[in-house]
Each structure stands twice: as C-alpha cells, then as structure tokens.
Amino acid sequence: MGCSLYIHVPFCERKCGYCSFYSVRVDDGQISAWLEGLSREAANYYGSQITTLYVGGGTPSVLTPAHWQKLMKIIRNNFDTSGMIEATCEANPNSLTPELVSFLKDNHFTRVSLGVQSLIDSELRTLGRIHDSRTALNAMGLVKDSGLTLSCDLIFAVPGQTLRTWAESLRNVMNYASHISAYQLTLEPDTPMGKLYGNDALNTAGYKFYRYAQYFLPKHGFSQYEISSFAPDGFECRHNIAYWYQKNVIALGPSAVGYIDGVRLANPGTLEEWLSGGKVEREELTPRERKIEHVLISTRTKWGVPRSEILPEIEDIIHSMPQDLFIITPERIALTQKGMRLGNAIWCEFLGV
Ligand code: SF4
C-alpha cells in the first residue's frame, strides 16, 4: 500500500510578523545544501510507493526552475510515483510565476495551496506579509486559469479585521478557489506580532469570524470537511486526510514530522542540525495512545470516527456531554458545526481518560 510524502522547503523571502514556523532567508548556497540533504534522506525510503505528495514550507515558490528540476529528480529517482493521486505545492503570491505554474502542471502536480491570508491591504500589512491584495488576485487568477486546483489559506482575528472585511476576503477567494483553509491568528510570544499584541485578546476575537465562515462558505457549496478546511465535494485535500486518519507519511527536510506504522518521526528543527545528521526524535505510541489520538484527530473531520474504533471510556464521555456537539449514527461519531467550534474543549475532555 502506498504512503504520503511531505517535503519541507525551509526558505522564505522574509519572515512574516506572526510566523513561528521554521524558515530561513532564501540563499542559493543553502538551497543547494538542502537539496543534497534531501537526496540523502530520500534514499532511506528508496522504492516507496507514493500516493500523495505535498511540497510545503516555508515558501516552495521561492525555488528557481533549476532547483525545482533537481527536486523533481530526487523524487523520481527515489520514489515510485506511478500511483500518485494528488500532488500539492504551497506558494506565496509574491513568488508564484507563470513559469512555475507551467512547471507544476508538466510535472503532474494537481493543486497549488496559496498563502493569500487576506485580500485587505491593511490586514496584509499588519500581518507583515510581503504581498498586497492585487498580487494575490493575480496569483489566484494564474492558478485558476492553469486548470490546477487552487486552495487558499486565509487568516481571521487579525487586529483591525471586521466581519465586513472578513466577508470580502471570503467572497473574493471563493470566486477563484476550490478549497479554502481558514485559520485563526495564533501568536507565539517570541514573534514580533506576539510581542506587540499578545494572544489572549485575539483568542476570543476569533469566534465570530469562524462562525461566519461556517455559515457563509457551506451556503456557497464549500462544505466544512475539517475544523479549518472547506471545499466542494471531491476537492478535499487527500494528503491532509492521510494525516487525520494516521496513514503513513514520509517527511523529508528540516523540522518535518512523519508518521510510520504508529511511530512519529520528527526531523531536527534547523537546517544546520538536519544537514549535520542531527537526531530524528522517535515517538512510539502505545496501542492505547494510538486509539486516543485516532479519535482526537479524526474527529477534526466531518466523517469523524467509526464507533468500532472508539475506546468505551471515550464513548462514555461523549454521551455525558451536550448532544448537540455530536452527530451520532450507529456506525460513526463526528462533531456538529457547534462541536467544531468547541473542538479544543471537547478534545481536552477526551484526553482526561
Ligand atoms: S511565508 Fe509562511 S512560512 Fe514564510 S515567514 Fe511567512 S508565514 Fe512563515
């Protein structure tokens, strides 16, 4: 049976004010070293059959055509991609070019996940993004016209954002995209925005935006199939579904986290540590931990979890909670829209078993 492949591109043009992901400034020498490191790491999984590919970051679209050629060669030389059903490339509006879009099409990519975040210039400036709304709209048009599936990331609870501006971003993105991921702005204390705003006020500010997205997007054909993900039927991200259902995921690159047969494998967090062969952290879950994690992660999705796979203690907790949080059928248990809004509190209850 095939597995999924994630490749982490740890380079960005500039650090955004809220970002706590690992990335460094684009540097040709470091990109070459990263490609060599990838080639070594990929050889550990030589011959694996890949069903979904996700090139994420960081900003994969900052790689030049020559880098992309080398990256695809590494993938082709080490993996069997003949059964691949989906391939996604993350991109930022500023660095996505027509050449890259054609390259992706020619190399059997099926999706582009674009970091739009907002279509309101003042919000983009607050977030410290390098692009403006016009650049984002151009990039969205480029992907849409190419025939690739366009997924757009949006952020809510941005300081200064209103329901009106949030609706404007959603409406405009919906006209181009076949998949929308909506994330609440979460600020780590050591980021520039975290130092400026703190996170507490934003946490509660997010509720009304999330609720609006849950109301607005399904009305226009974008069903909420996961806590943060909305798409018409058939446009769900299969790569992410593999994570949510504990399928095997090979992860390459610094700070990438994979999952193979119940073992979570976390690569060294920085480019230097990873290049110098730093230790891969192995976290082996017990069968019980796997079962608990399975419920936690799969209830993120609208399909939820088969009842035969739920620990009896967790079923008891579910029956003791308000029933409008759950969709309970003889076969499965999933969260309602309200349950998704209160997901964190529900999972905390499950973790108490
Ligand atoms: S482009 Fe993405 S990964 Fe890079 S700094 Fe901004 S938020 Fe972080």
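In each ligand, atom 1 is the first atom listed, and ligand 1 is the first ligand listed.
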Please state which protein non-hydrogen atom is closest to [atom] and give its distance, to 0.1 Å?
atom: atom 8 (Fe) of ligand 1; result: C19 SG, 2.3 Å
atom: atom 2 (Fe) of ligand 1; result: R129 NH1, 4.0 Å
atom: atom 6 (Fe) of ligand 1; result: C16 SG, 2.4 Å
atom: atom 1 (S) of ligand 1; result: N92 ND2, 3.1 Å

*asked:* Show me which atoms of ligand 1 lie under 4.0 Å from any heavy atom of T59.
replied: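 Taking each heavy atom of T59 in turn, ligand 1 has 1 (S), 4 (Fe) under 4.0 Å.
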
Closest non-hydrogen atom pair, [X] against [Y]:
X: Q30; Y: V24; answer: OE1-CG2, 3.7 Å
X: W274; Y: L38; answer: CH2-N, 3.4 Å
X: C237; Y: Y225; answer: N-OH, 2.9 Å
X: V173; Y: L154; answer: CG2-CD2, 3.9 Å

*So with a 6.0 Å cut-off around NZ of K70, is the heavy-atom count from everything else above 12?*
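Count not over threshold, so no.
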
*In this structure, which one of E86, H239, E90, H8 forms a side chain to side chain donor-acceptor pair (under 3.5 Å) with Y54?*
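Per the side chain to side chain donor-acceptor pair (under 3.5 Å) rule, the option paired with Y54 is E90, out of E86, H239, E90, H8.
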
*Quick one: does R14 get within less than 4.0 Å of ligand 1, heavy atoms only?*
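Yes; R14 lies near enough to ligand 1 that a heavy-atom distance drops under 4.0 Å.
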
*Considering G128, G58, C12, which one's heavy-atom position lies nearest to atom 4 (Fe) of ligand 1?*
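The option holding the nearest heavy atom is C12.
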
